[in-house]
Structures are given as structure tokens and as C-alpha cells.
**Student:** 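This structure is in C-alpha cells; I'll ask about it shortly.
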Amino acid sequence: MTVRYRDGIELTLSDGTRVVCDADDLDGDVNVVTHAHGDHYPEGEATAVCSELTAALATARRDVPLHRTTDPRVTLLSAGHVAGSQAALVTDPDGTRYLYTGDICTRSRFYLDGFQPPSADVLVIEATYGEPEYIFPSHDDIADDIHTWLRETPEPVILLGYALGRAQKLQLLAAEADRERVFTTPAVERVNEAIETHRDVTFDVDHYGEDTSLRKGDALVLPMTSGRIDWVDRLATEAGAVKAGFSGWAVDQSFKFQGDYDVTFPLSDHCDFAELLDVADTVGPETVYTQHGSAATLADHLTSAGYDATSLRQNQLSLGDF
């Protein structure tokens, strides 16, 4: 069996079956999409092993169908990252178990249960926050901090987080903090609708349009990418609004200045560094491959802890293929 990093992760099983995960070009014998973030599923119409919610979200976000299928060799496990996200446990005909995590979070929050890692022989793990300095507060602590800030900030607030994931949590946090009105835009509304159809949660928010005037006590939830658009800065100035960014990168103070935020919070949908190490310990693999983010650093720490670990580089086939 080989593990290859191309535009996604490709597993070649002992019988020659190619399992392709989270690739732009889903050309495997078995294709897997772990979740509906844009860098994990193809732009065109495709069929993949995924959750029903991921298929619905991907279809809604790009208005191009992602068709769901199943395969007896692939068991999907709730990944705790965003709504619908799944890790893939792939069982080789020879009995070897391979765990491809996709993006994961072991902290339970709101309508998401934290990822519970299974045992596996080979672990392919994300390393988004694979640096020791990235340690996040507990969900309860960060939620309390955000609630307090929202209640103590009389001005309108502009809350920026990914359209799928943090945007939903920010809507719920703003409602819990008794903001007078909570608004969002069509990109987030499409995601909300798909999640509400598949999960027991409701996002009680109003549509933000050109004729909307923000006033004291309001909250506007925008996709993180909106923060790079000049109109957000103009809106903040005109409305006297406070602009807040929410990301695990907020552990680093440079995130605040790079995004020109007034305030930032380390609200993340990923495992932090310590949690990634804990996942490896729970899985107990013989071999670990790290990928995405600080893959080399995480692999070094796992090696120091006694694992046979390496970071995957594009088109690298195995641990010995450098």
C-alpha cells in the first residue's frame, strides 16, 4: 500500500484500488470528500463517499452537484470540524486500517460533537496548527470571552469568520449575547439553510442588504474573505462599527494587524497542537503521515515521541521516498 500527496491524498491499497481523498480531480476508483470547504472538494460535478450534509453543502455553495455514494472499504466518522465533516477509515483487503483525518477538531461545541479517533495502523493527519505555540482555550472559556465582549460593546459589530463553520457559531454567540439584531449575507444564508435541514439547529438572523443600516446593538456576520474587501472598512467607518476576526491564527498577534481587526479571538474549528498529539496517541498507529500546514514540524515532534512519522510532500510515495 502507498500513500501519495498530489492535489489531495491518494491511498493505493494492496489490490491496486486507488482511494483519492479531498482532491481537485477526483479520479480514483474510490473518491472521498471529507467536508465542504472549498479546498477539499472539486469545482465540477462529482460523485464521492461523503456525508449527506457535505453533499448538500457543497452543492449549495457552488451550485454544482456533489453526489453522495458509499463504499464498503470506507467508514466515515464524525470529524468535529464543521457541519457534515467526516474522517475516513479505510480498510485494506489485507486487513490494514488507514485513517485519513481530513480536518478535525476534538472539542465538542454547539451542534458538533468532537472527533473520537479510532485505532488504526496508518494515520494520515492534518497539521494546520502543528506548531507548539498554537494552544487554544477551551470552548467554554473562549465562548465566555466572546459573550462578555459582545455584551460590553455597545457599538455595532462586524464579525468575520469562514462562511461554513465559524460564521454559524458567531450567529449563535451573538444571539446568546442578546445583540439586538443579527444580520448575515447570502453566502452564509445558503450554508445556514443546508445545516438547518440536516441538524437540529436554527439560525435566527436577518438578511443584510444594501438598504440595511447598522445601529447600536447590531451584529453583522460576514465570511472571512469579506475582510479583504474595501467596502467592509467603509461600512465599519460609516456605521461606527467594531471589526472582529475569529480564527485559531489569532493566537499570534500578527493576525490582528494583518487583518486590520479591532479585536480578535482564537475561535477555531481545528485541533490545536496538543490535541493533534493526543489524536496520534489515541489512534496508536505504526506509521504517521502529516500533511497540510506545519506538517514537517508536527512530524518532527511525533518522531521525537517515538512514532515512525514523516511529512508528505507532493508525489512522495512512502517514508523512504525522498
Side-chain angles (χ1 to χ4, degrees), residues 34-37 51 53 57 77-87 101-117 125-153 157 159-179 182 184 188 191-192 195-196 198-205 219 221-224 244-253 255-256 261 263-282 293:
T34 60
H35 64 284
H37 277 156
S51 70
L53 181 48
L57 284 164
L77 306 165
S78 179
H81 173 54
V82 296
S85 64
Q86 306 283 301
T101 65
D103 290 334
I104 50 174
C105 182
T106 53
R107 300 181 306 281
S108 296
R109 60 241 187 266
F110 295 110
Y111 49 86
L112 294 172
D113 293 327
F115 177 54
Q116 297 184 9
I125 188 170
E126 62 130 321
T128 303
Y129 293 107
E131 302 278 349
E133 60 265 33
Y134 287 102
I135 301 296
F136 303 143
S138 71
H139 172 69
D140 287 345
D141 286 346
I142 192 64
D144 285 346
D145 288 346
I146 295 169
H147 284 146
T148 298
W149 173 75
L150 286 167
R151 289 178 177 131
E152 293 179 351
T153 304
V157 294
L159 314 177
L160 291 118
Y162 289 129
L164 167 57
R166 279 187 293 280
Q168 285 69 49
K169 298 169 187 66
L170 293 174
Q171 292 167 84
L172 296 174
L173 287 164
E176 290 172 354
D178 300 321
R179 297 301 292 196
V182 182
T184 196
V188 176
V191 173
N192 287 353
I195 295 174
E196 287 174 334
H198 290 80
R199 294 287 184 271
D200 184 19
V201 62
T202 300
F203 304 99
D204 186 15
V205 294
V221 177
L222 294 177
M224 182 70 76
F246 300 82
S247 172
W249 301 116
V251 168
D252 188 337
Q253 281 297 310
F255 174 76
K256 178 179 180 181
Y261 300 114
V263 63
T264 58
F265 294 91
L267 179 68
S268 179
D269 288 320
H270 287 266
C271 284
D272 67 13
F273 177 76
E275 290 163 342
L276 289 170
L277 298 181
D278 288 343
V279 168
D281 288 343
T282 302

**Student:** Test F203 against every option in L172, V182, V191 by the side-chain contact (heavy atoms from CB on, under 4.5 Å) rule and name the one that passes.
**Tutor:**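 That would be L172; it is the only one of L172, V182, V191 passing the side-chain contact (heavy atoms from CB on, under 4.5 Å) with F203.
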**Student:** Is it true that F136 and H270 have ring centroids separated by less than 6.0 Å?
**Tutor:** no
**Student:** Among T106, D278, I135, which residue meets the side-chain contact (heavy atoms from CB on, under 4.5 Å) test with D272?
**Tutor:**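 Going through T106, D278, I135 one by one, the side-chain contact (heavy atoms from CB on, under 4.5 Å) with D272 is satisfied by I135 alone.
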**Student:** Is it true that atom CD of E196 has more than 12 heavy atoms of other residues, nucleotides or ligands lying nearer than 6.0 Å?
**Tutor:** yes
**Student:** Can a donor-acceptor pair be found, under 3.5 Å and without considering hydrogens, that links the side chain of E126 to the backbone of I104?
**Tutor:** yes
**Student:** Do I125 and V279 have side chains that get closer than 4.5 Å, going by heavy atoms?
**Tutor:**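 In contact.
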**Student:** Please identify each residue that fulfils salt bridge (Lys or Arg N to Asp or Glu O under 4.0 Å) with E131, with sequence neighbours left out.
**Tutor:** none
**Student:** Do you know the tightest heavy-atom contact between H35 and S85?
**Tutor:**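 Of all heavy-atom pairs spanning H35 and S85, the closest is CB-CB, 3.6 Å.
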**Student:** Under the rule for ring-ring contact (aromatic ring centres under 6.0 Å, His included), what residues qualify as partners of Y134, not counting sequence neighbours?
**Tutor:** Y129, W249
**Student:** Heavy-atom count around D141 CG within 6.0 Å, excluding the residue itself: above 12?
**Tutor:**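 For D141, atom CG is crowded (more than 12 foreign heavy atoms under 6.0 Å).
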**Student:** Taking the side chain as every heavy atom from C-beta outward, state whether Q168 and V188 have any atom pair closer than 4.5 Å.
**Tutor:** yes
**Student:** Answer whether the closest heavy-atom distance between the side chains of T34 and H81 falls below 4.5 Å.
**Tutor:** no
**Student:** Within the 4.5 Å heavy-atom criterion, are V201 and F110 side-chain neighbours or not?
**Tutor:** no
